[in-house]
Amino acid sequence: MTSKNASIVTLTPAPTLDRTYFVDHLEPGGVNRAERVGEELAGKGINVSRALRLADIEAAGIVPIGNADPGVLERTGSEFLTPLWVEGTLRVSTTVVEKNGPTTKINENPRPLKQADWDQVLALTEKTILENDGKWLVIAGAHPEIVETGKVIDLEPLFDITEKLGVRVVLDTSGPALRRWAKSGAATIMKPNAHELAECVDRELKTLGDVIDAARELNGWGVNCVIASLGVDGIIAVTKSHAIHAHTPPVKVINTVGAGDSTIAGFLSAVTNHPSDKDAFGVGFDVAEGIASAVQWGAAKVQQPTSGLQSIENLVEATVELIPNRDHLLGEDAKP
Ligand SMILES: Nc1ncnc2c1ncn2[C@@H]1O[C@H](COP(=O)(O)OP(=O)(O)OP(=O)(O)O)[C@@H](O)[C@H]1O
Ligand SMILES: [Mg+2]
């Protein structure tokens, strides 16, 4: 594959092996036999790197992975990743899909990382950014605990590295970690969905205006650009100077898992291909082009069955409103 651009690096601190059992009918408490078992190496940064490859963009993907299963990258078509092998096994997320019935999921919590392993992840990230002349670092997914302290990983050393190297950080996480790092204002971009944003500002969001006001709060904490993904309502991007709404026509939804990761890939594929002047949208990158592409990639993802985006052919049209309708009601109220 030819790579057009290698200035994007992703980091997935807590990857997972998605194992899907296809059964005719699940008998709880009984012995069940799977007709087929599928495996996918998943994790939000991995999904972003994988999706960018569809646009011939090689984005190195850093992942700490348990060394007990050394064949996992090859087996899951993930040789393009940059692993840091750590002692132990990879966590597993189990899905049971019944033929004409519901889907049952059992997710394992992120495996704690030893402090020495996290330090090595930091060093590998810095090395990879330098080797690839990285301009963007995507940190995505759950934040594991550190074995020795029981505290979640500290991103501060990573922000020191990116600041030193002039690299912009896109941070996508949820819950307490989202609020903690939003308050620190260290990331250039954060991509909460509506519920995550509501949780972050601790109030219900009912309209696009509510979303814009919540995002502006994060701008006030230092987050230059908030990309709020709103499911069927598309995306609102908010900087100190602009609020822009991008959306697509409704599409037939098959599986929404991973839609947010596809929007990040779509956003970066556009902004890294559209040079813009240093004051564009008050942040120095083309936010409007970025979210137009993001909603197209998001809409493509939800029409596909796997959590990783499989194709960016036949993208639907995106509409961009430079003056969003603040009174537009969200498809679903977002509660904290
Ligand atoms: N029903 C839908 N119709 C059209 N586009 C959709 C629909 N649902 C999601 N999308 C697209 O996907 C994008 C991301 O979806 P969403 O806001 O649900 O992300 P998310 O909750 O972060 O997903 P995840 O964390 O599972 O990757 C939306 O901004 C939109 O562009
Ligand atoms: Mg998400």
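Sequential numbering from 1 along the given sequence is applied to the chain's residues. Nothing here was measured: the structure is a model prediction, and the numbers come from that model. Numbering of ligands and ligand atoms starts at 1, following listing order.
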Discussion item. Which residue and atom name correspond to the protein heavy atom nearest atom 26 (O) of ligand 1, and how close is it?
Written reply: Gly258 N, 3.2 Å
Worksheet item: Would a distance-only check, ignoring hydrogens and angles, find a side-chain to backbone donor-acceptor pair under 3.5 Å from Arg91 to Glu108?
Response: yes
Worksheet item: CG/Leu208 to CG/Leu230 distance, rounded to the nearest 0.5 angstrom?
Response: 6.5 Å
Worksheet item: For ligand 1, is any non-hydrogen atom under 4.0 Å from Asp261's backbone (N, CA, C, O), its side chain (CB onward), both, or neither?
Response: both
Fill in: Backbone N/O of Val257 and side chain of Asn255: donor-acceptor pair under 3.5 Å
yes
Practice prompt. Could you tell me whether some N/O pair between Ile235 and ligand 1 is separated by less than 3.5 angstrom?
Written response: no
Worksheet item: Side chain, backbone, both or neither: which part of Val302 comes within less than 4.0 Å of ligand 1 when only heavy atoms are counted?
Response: side chain
Practice prompt. Find all atoms of ligand 1 within a distance of less than 4.0 Å from any non-hydrogen atom belonging to Gly298, and give their numbers and elements.
Written response: 11 (C), 12 (O)
Discussion item. Counting only nitrogen or oxygen atoms and a 3.5 angstrom limit, does Gly260 reach ligand 1?
Written reply: yes
Worksheet entry | Short side-chain to backbone donor-acceptor contact, Ser293 and Gly266, under 3.5 Å | yes
Worksheet item: Does the Arg179 side chain pair with the main chain of Cys200, one donor and one acceptor, at a distance under 3.5 Å?
Response: yes
Item to complete: Under 4.0 Å from a heavy atom of Thr263: give me the atoms of ligand 1 that qualify, with their elements.
Response: 13 (C), 14 (C)
Response to the item:
Ranking Ala294, Pro250, Gly234, Ala334 by closest non-hydrogen atom to atom 29 (O) of ligand 1, top hit is Gly234
Practice prompt. Can you pull out the closest protein heavy atom to atom 16 (P) of ligand 1? Residue, atom name and distance to 0.1 Å, please.
Written response: Ser229 OG, 3.7 Å
Worksheet item: Checking Arg53 against Phe80: charged group under 6.0 Å from the ring centre and within 45 degrees of the axis?
Response: yes
Fill in: Asp213 side chain to Asp210 backbone, donor-acceptor under 3.5 Å
no
Worksheet item: Does even one non-hydrogen atom of Lys191 get within less than 4.0 Å of ligand 1?
Response: yes
Practice prompt. First locate atom OG of Ser262, then atom CD of Gln310, and finally report the distance between them rounded to the nearest 0.5 Å.
Written response: 10.5 Å
Worksheet item: Does any N or O atom in Val251 lie less than 3.5 angstrom from one in ligand 1, N or O only?
Response: no
Practice prompt. Kindly confirm or rule out an N or O of Lys44 lying under 3.5 angstrom from an N or O of ligand 1.
Written response: yes
Worksheet item: Would a distance-only check, ignoring hydrogens and angles, find a side-chain to backbone donor-acceptor pair under 3.5 Å from Thr248 to Ala299?
Response: no
Discussion item. Using 30° and 60° as the class boundaries, would you call the ring planes of Trp136 and Phe267 parallel, tilted or perpendicular?
Written reply: perpendicular
Discussion item. Test your reading of the structure: does Ala259 have an N or O sitting under 3.5 Å from an N or O of ligand 1?
Written reply: yes
Worksheet entry | Location of contacts on Leu230 toward ligand 1, heavy atoms closer than 4.0 Å | backbone
Discussion item. Given 3.5 Å as the limit, does a donor-acceptor pair link the side chain of Ser49 with the main chain of Ile46, or not?
Written reply: no
Practice prompt. Could you say whether the N/O atoms of Asn193 and ligand 1 ever approach to under 3.5 Å?
Written response: yes
Worksheet item: Can you tell me the protein heavy atom closest to atom 1 (N) of ligand 1 and the distance?
Response: Val253 CG2, 3.2 Å
Worksheet entry | Region of Glu196 engaging ligand 1 - heavy atom pairs below 4.0 Å | neither
Fill in: Nitrogen or oxygen of Gly231 less than 3.5 angstrom from that of ligand 1
yes
Discussion item. Within ligand 1, which atoms have a heavy atom of Val295 less than 4.0 Å away?
Written reply: 31 (O)
Worksheet entry | Distance-minimising heavy-atom pair for Gly141 and Thr173 | O-OG1, 3.0 Å
